[in-house]
Amino acid sequence: MEKHLDEMRIMLQLADTGLDAIQHLIGTEGEKTEQAPLYLLPDLVDSFLTINKAFELFCDKLPPNGISEASWAVSDKLTAACQAVEDGKTNIMIYLIRDQLLPVYKSWRQELADCFNPYILS
C-alpha cells in the first residue's frame, strides 16, 4: 500500500476541494444565492470521477469499507443536480446540493478518510 500513499493524500485533498466547491455553490452560510456559480458543478463532477477512478486502482487491497456505497449516493445526487441545471432549475439545483448532496458528500469524504488515514498516518 505504500506506493499508493501519495494517491490517497491527493484524493483526500481533492475531496476537500470538492467540499469547498459545494459550499461555494450553496453560499457560505447555506443560503440560496441568486447567481449560483454554476461553472463549479462540472469541475465538482470531474473531481469526483477522478477520485473514483483512482480508488478503483487499489480498492481491492483495502479492508472492507463503505466507500463504494457512499460513492453511489454521491453520484446519484450529482446526477440529480446536473439534471436540474440542464432543466434550467437553478433553485432546485441549490436545494439538491444543500440538502441532499452535501450530507452524502461529507459521509463519502469521511469514508475515504477513515479508510486511508490508517495508512497515511502510520
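Positions are given from 1 along the sequence.
Note: I67 CD1 to Q110 CD = 10.5 Å, rounded to the nearest 0.5 Å. We find the CG-CZ distance between D16 and R109 to be 4.0 Å, quoted to the nearest 0.5 Å. If you take CD1 on I26 and CE on M93, they are separated by 10.0 Å, rounding to the nearest 0.5 Å. Atom CG of D46 and atom CD1 of I51 lie 11.0 Å apart (nearest 0.5 Å). Rounding to the nearest 0.5 angstrom, the gap separating the CE atom in M11 from the NE2 atom in H4 is 10.5 Å. Expressed to the nearest 0.5 Å, how far CD1 of I22 lies from CG of L101 amounts to 4.0 Å.
The side-chain heavy atoms of L12 and N117, taken from C-beta on, include a pair separated by under 4.5 Å. Residues L112 and W108 have side chains in contact (heavy-atom distance under 4.5 Å, counting atoms from C-beta outward). Under the 4.5 Å side-chain criterion, counting only non-hydrogen atoms from C-beta, K77 is not in contact with L96. Residues L62 and F116 are in side-chain contact: their nearest non-hydrogen atoms beyond the backbone lie under 4.5 Å apart. You'll find the side chain of S47 reaches within 4.5 Å of the side chain of L44, heavy atoms only. Put simply, the side chain of I97 reaches to within 4.5 Å of the side chain of L41, judged on heavy atoms.
Proximity of a side-chain donor or acceptor of N65 to a complementary backbone N or O of P63 within less than 3.5 Å is detected. Side-chain atoms of Y105 do not come within 3.5 Å of backbone N or O of Q100 as any donor-acceptor pair. When atom types are taken as modelled, the side chain of T79 and the backbone of S75 share a donor-acceptor pair closer than 3.5 angstrom.
By the 4.5 Å side-chain criterion applied to Ile, Leu, Val, Met, Phe, Trp and Tyr, W72 is assigned to no cluster and stands alone. Its side chain outside the 4.5 Å cluster rule for every partner, I10 clusters with none of the Ile, Leu, Val, Met, Phe, Trp and Tyr residues.
Residues P118 and A113 approach most closely at CD-O, 4.3 Å, considering heavy atoms. Shown here for G66 and E111, the closest heavy-atom pair between the two residues is N-OE1, 3.3 Å.
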Please list every donor-acceptor pair under 3.5 Å in which a side-chain atom of residues 53-60 meets a protein atom from a residue at least two apart or in another chain.
none

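A continuous path of ILVMFWY side-chain contacts below 4.5 Å connects V74 to L40, so both sit in one hydrophobic cluster.
Applying the 6.0 Å contact sphere to OH of Y119 captures more than 12 heavy atoms from other residues, nucleotides or ligands.
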Handout entry: Derivation and outcome, side-chain contact (heavy atoms from CB on, under 4.5 Å), residues L102 and L19
Key = CA-CA 8 Å; L102 182 58; L19 184 56; 3.5 Å; yes
Exercise for the section: For D87 and I92, run side-chain contact (heavy atoms from CB on, under 4.5 Å): C-alpha distance rounded to whole Å, both residues' side-chain angles, the deciding distance at 0.1 Å, then the answer. Expected result: CA-CA 10 Å; D87 294 344; I92 292 175; over 6 Å; no
